[in-house]
Amino acid sequence: MTTVRIPAGWPATEEQARAVQDELRERVVLDEPGPPPGTGHVSGVDVAYDDRRDVVAAAAVVLDATTLEVVAEATAVGRISFPYVPGLLAFREIPTVLAALDALPCPPGLVVCDGYGLAHPRRFGLASHLGVLTGLPTIGVAKNPFTFTHDDPDTPRGSTSALLAGSEEVGRALRTREAVKPVFVSVGHRVSLDNACAHTLALTPSYRLPETTRRADALCRKALREATYPA
DNA sequence: GCGACAG
DNA sequence: ATCTTGTCGC
């Protein structure tokens, strides 16, 4: 487990944070299909908070994309770097997530984030942000539709419907379990939307949420429980 | 101006 | 995100 500090020059206000998003957004790559599902490594990242102690814990878990077995994992703890503001989630999570990714002993491959990528007020959610900062292929898989609209996908697993910002498709509602509430998939960096959905399906053989996020969620909660006050 | 709003 | 017991169902 590594300890991180809030980076120098980290945005202190919402206005500064939005300016950073508007600048970094130019660097998102949307014209690559990304790695094929079921091959190489796939990783999940997630974060847990203790606002009372001002502690945040992040986890990165690398899975074998074929077997979904855990190949490697790492955690990091730090101070909370930004309040939760809808649309600015990345500023709350990214420093600790980057530290956890850096601590991995092997390349993470495609990274699955808890939240959104393109499906974002300024088209630059957590998954896009993490992708631009690391250069890694990233996607976002969220549990809620945020402010976007969508039709209910058909009942069978694998059914999708467009996630819409007005008439613009910013992601997809994807049914990962028959008759269960869908997840909301969007592109982060260097992955197509079709491929992002295919990866999500490959990662959900038995549960609604991807194995990557399930593993990362369990690990960051454990790291938070075991965390001492960060330096 | 008033709500809604990823985690 | 987090606060939280039991309970219904595969």
Side-chain angles (χ1 to χ4, degrees), chain A residues 11 14 17-18 20-21 24-25 28 44-61 75-98 100 111-132 138-150 155 157 162-166 168-174 176-189 193 196 200 204-210 212-225 227:
Chain A
E14 299 182 20
R18 281 188 283 267
V20 170
Q21 291 181 330
L24 293 182
R25 183 177 53 200
V28 175
V45 292
D46 195 19
V47 171
Y49 303 94
D50 184 340
D51 285 285
R52 241 187 46 176
R53 287 192 303 157
D54 188 27
V55 178
V56 52
V61 179
T75 59
V77 298
R79 319 290 296 273
I80 295 176
S81 54
F82 209 84
Y84 173 66
V85 179
L88 300 178
L89 176 65
F91 296 92
R92 188 168 165 80
E93 309 216 327
I94 275 190
T96 325
V97 167
L98 284 178
V111 178
V112 181
C113 298
D114 218 354
Y116 281 121
L118 245 196
H120 178 274
R122 285 167 297 285
R123 304 296 178 268
F124 194 72
L126 171 64
S128 320
H129 202 145
L130 189 67
V132 164
T138 60
I139 68 173
V141 179
K143 299 183 275 304
N144 298 291
F146 202 9
T147 61
F148 305 104
T149 61
H150 65 94
T155 308
R157 162 177 154 85
L163 188 64
L164 298 172
E168 177 187 0
E169 184 181 39
V170 294
R172 229 163 256 167
L174 170 64
T176 55
R177 289 202 70 181
E178 182 175 333
V180 171
K181 175 179 176 173
V183 297
F184 303 89
V185 179
S186 61
V187 161
H189 184 59
L193 183 54
T200 304
T204 50
S206 10
Y207 297 97
R208 174 185 177 233
L209 297 179
T212 40
T213 43
R214 287 168 40 77
R215 298 322 255 268
D217 179 77
L219 184 57
C220 70
R221 290 192 202 215
K222 182 163 97 94
L224 184 64
R225 286 197 308 268

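Chain naming here is simple, since letters A, B, ... match the order of the sequence lines and numbering starts at 1 in each. The figures here come from the full heavy-atom set of this structure, side chains too, leaving out hydrogens, waters and symmetry mates.
No donor-acceptor distance shorter than 3.5 angstrom exists from the side chain of A:R214 to the backbone of A:Y207, with no hydrogens or angles considered. At distances below 3.5 Å, not a single donor-acceptor pair connects side-chain atoms of A:R172 with backbone N or O atoms of A:A162.
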Quick one: what's the B/S/- string for nucleotides 2-7 of chain B, heavy-atom cutoff under 4.0 Å, read 5' to 3'?
---BBB
In B/S/- notation (B base, S sugar-phosphate only, - none; protein heavy atoms under 4.0 Å), nucleotides 3-10 of chain C written 5' to 3' is --------
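Considering only heavy atoms from C-beta on, A:T204 stays 4.5 Å or farther from A:R177 through its side chain. Looking at A:V45 and A:C113, their side chains come closer than 4.5 Å, going by heavy atoms from C-beta outward. Inter-residue side-chain proximity for A:N144 and A:K181 is flagged as met; some heavy-atom pair is nearer than 4.5 Å. In this structure, A:T213 and A:D46 have side chains that are not in contact, with every pair of non-hydrogen atoms separated by 4.5 Å or more. Two residues are said to be in side-chain contact when any heavy atoms from C-beta on lie closer than 4.5 Å; A:K143 and A:D114 meet this criterion. Residues A:Y116 and A:F146 meet the side-chain proximity criterion, which asks for heavy atoms closer than 4.5 Å.
Between the CG atom of A:L224 and the C1' atom of C:dA1 there is a distance of 11 Å, given to the nearest Å. Atom-to-atom, CZ of A:R225 to P of C:dT2 comes out at 11 Å; the value is rounded to the nearest Å.
Contact check of residues 177-187 of chain A against DNA chain B (heavy atom, cut-off under 4.0 Å) returns no residues at all.
Among the heavy atoms of the strands lying under 4.0 Å from A:R221 are primed sugar atoms or P, OP1, OP2 only; no base atom is included.
Ring pair A:F91/A:H129 is perpendicular by interplanar angle, where above 60° counts as perpendicular and below 30° as parallel.
When all heavy atoms are compared, the tightest approach of A:V55 to A:A227 is CG1-CB, 4.3 Å.
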